[in-house]
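These notes concern the structure reproduced below.
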There are 2 protein chains.
Amino acid sequence: MASRTADTTRSDAAAGPPTRPGGRSARVRTAVHRAVIELLAQAPAEQLTMPVIAARAGVHPTTVYRRWASLGDLLSAVAESRFTDDLVVPDTGSLRGDLRRWAADVATDLTDPETLAIIRAALGTSTEGGCACIGERRTQLGSMLDRERDRGGAVPTVDRAADMLMGPIYFRALFTERPGGADWARELADTLVDHCTQPQPSPA
Amino acid sequence: MASRTADTTRSDAAAGPPTRPGGRSARVRTAVHRAVIELLAQAPAEQLTMPVIAARAGVHPTTVYRRWASLGDLLSAVAESRFTDDLVVPDTGSLRGDLRRWAADVATDLTDPETLAIIRAALGTSTEGGCACIGERRTQLGSMLDRERDRGGAVPTVDRAADMLMGPIYFRALFTERPGGADWARELADTLVDHCTQPQPSPA
DNA sequence: GCATTATTGCAGCGATCGTTGCGTTGGTGC
DNA sequence: GCACCAACGCAACGATCGCTGCAATAATGC
C-alpha cells in the first residue's frame, strides 16, 4: 500500500465532478436504502437480491445494477449511511460520563432488529463490510478520549477502549440472542475507566 | 423391520443422523463441507450457491438441495462442525493459565482466513448462525470456570468472562482488518483474572 | 448372500437473475 | 426559459438457479 504522491487529478477547478447529486438520484438512493433495511428486517439475507430490492424500492432493477456494483457494495453503503447519521457524541464534562452515555447509546442502538440485520448482512457479503459499520463509532470513541486527554486526564488507548466497550457490546448483539442492555453497557464503561490507568495490553 | 430386536445397542448415541449414517453419506457431507470452506476462502459469500458447492464437492446439485434445506442451514452446519471438532480445553492447574492458553488459542484460530469467512457467512445468512459458531466455545469457558470454582477460587460469571475475552477477540477479528495476536489475547485473560473478584456487572 | 430402502444421480422444466442497447425523463448550468 | 447530458425506465437476451419427476446405486438388517 505505497502512498502515492500528491494527486492533483481530482476535483479540478474548471471541470466539476461528473456526478450529479440531484433530487431524483437522492430519492432513488433513499428508496433503495430503505428497501434494503425493510427487506432485511423481514427475510433472511439469503433471499436479498437486486430485483427484489428494486421492486420494493419502486425503481427499475437496471438502476440498482448500474448504481451499485454488487450486493456487497450496496450493503456496505447502506451500513455506512445508517451508522454515520446520528453523530451525537456525548459531552458531559467527564470521561466516565461520556463513555457511559455513549456505550448505552450504542448498546441500545444494537437492540433494533433492523440494525442488527444490516450489520449481519454487511459482515456476511463483503470483507470490508464490517469496517463500514463501526468506522464512525471508533472515531467518536477517539474524540471523547482526546477531549479527556486535553483536560489532563489519563486515558486508555483507542484500541483498548474499543476492545472493552465495542467488543462485548457487538459480540453479545451478534452472537447471542440476548443483547446487553443500557445498564450493562454503562457498567462496561465504568470498568474501563476504573482500570484505564493500569498497565495496558499493547495491540499485537 | 417388523420385529423389535432385543439389543439395539447401535451407535445412535453420538454417531450422527439417526437415519442412515453410511459411508457414502458421510463422504458426501465431508466433501460438501470442505467445498463450502474452500469456496468461502476464495470468493465472497455472495457468489456461494448450491450448484457451485455441488460442483466443487463432486456431487450432484440435487443432493445438496435435498440434504440441506437452505444455504443458511448448510452454513450453520459447516460452522457447527468446524467449531466442535477441536475441543481441547486447557487444564494448566490455575484459572489464569487456563484462560491465557484458551484465549490465545481462540485468537490464533480466528487468524485463519477460512475460519473468518465461515463465521462471516454463517452470521450473514441465518439469524442463529452466530450461535452455531460460539456455542462450544462458551461451554469450554464455563468448564474452566467450574474447575476453578471447585478448587475454591473466586471466578467471574460465564457472561462476564465471555464479554471480556470472546467479545474483544471476535470483535477485532470480524470488524477490523488486524485481528489481535496471541500475546494480546493472553493479556485480556490477565485483565479478567485480575479484576474477577471486584463487583461485576450483572447481565441486563 | 439377499431383500429392503435410504440416498444419490440424471434429465428437464419454469422462474429468476444479471446484463445490454436504446429511448425517455429530469436535474444542472447558461 | 433553454440546451445539455447524467440518470432512469423499458424490453429483450442468455445464463443460472431451484425444484421434481424417475432410475440407479449402495448401505443396512435378516
* Asked: Parallel, tilted or perpendicular: which describes the rings of H33(A) and W68(A), with under 30° parallel and over 60° perpendicular?
  -> tilted

Would one find a side-chain N or O of [X] under 4.0 angstrom from OP1 or OP2 of [N]?
X: S25(A); N: dA7(D); answer: no
X: R27(A); N: dG27(C); answer: yes
X: Y65(B); N: dC19(D); answer: no
X: R67(B); N: dT8(C); answer: yes

Between atom [atom1] in [X] and atom [atom2] in [N], what is the gap in whole Å?
X: H60(B); N: dC17(D); atom1: NE2; atom2: P; result: 13 Å
X: R29(A); N: dC8(D); atom1: CZ; atom2: C1'; result: 15 Å
X: R24(A); N: dG27(C); atom1: CZ; atom2: P; result: 7 Å
X: W68(B); N: dT7(C); atom1: CH2; atom2: C1'; result: 12 Å
X: R66(B); N: dA23(D); atom1: CZ; atom2: C1'; result: 11 Å
X: M50(A); N: dC17(D); atom1: CE; atom2: P; result: 17 Å

* Asked: Cut-off 3.5 Å, side chains only: do R101(B) and T92(B) have a donor facing an acceptor?
  -> no

* To do: Answer yes or no on whether R172(B) is positioned over the face of W184(B), meaning its NZ or CZ is under 6.0 Å from the six-membered ring centre and within 45° of the axis.
  => yes

* Asked: Which heavy atom of V155(B) sits nearest a heavy atom of L145(B), and at what distance?
  -> CG1-O, 3.7 Å

* 5′-ward residue of the pair P61(A)/E46(A) relative to DNA chain D -> P61(A)

* When we call it a touch if two heavy atoms are under 4.0 Å apart, what does T62(A) touch: a base, just sugar-phosphate, or nothing? -> base

* Which part of the nucleic acid does V64(B) contact within heavy-atom distance under 4.0 Å: base, sugar-phosphate only, or nothing? -> nothing

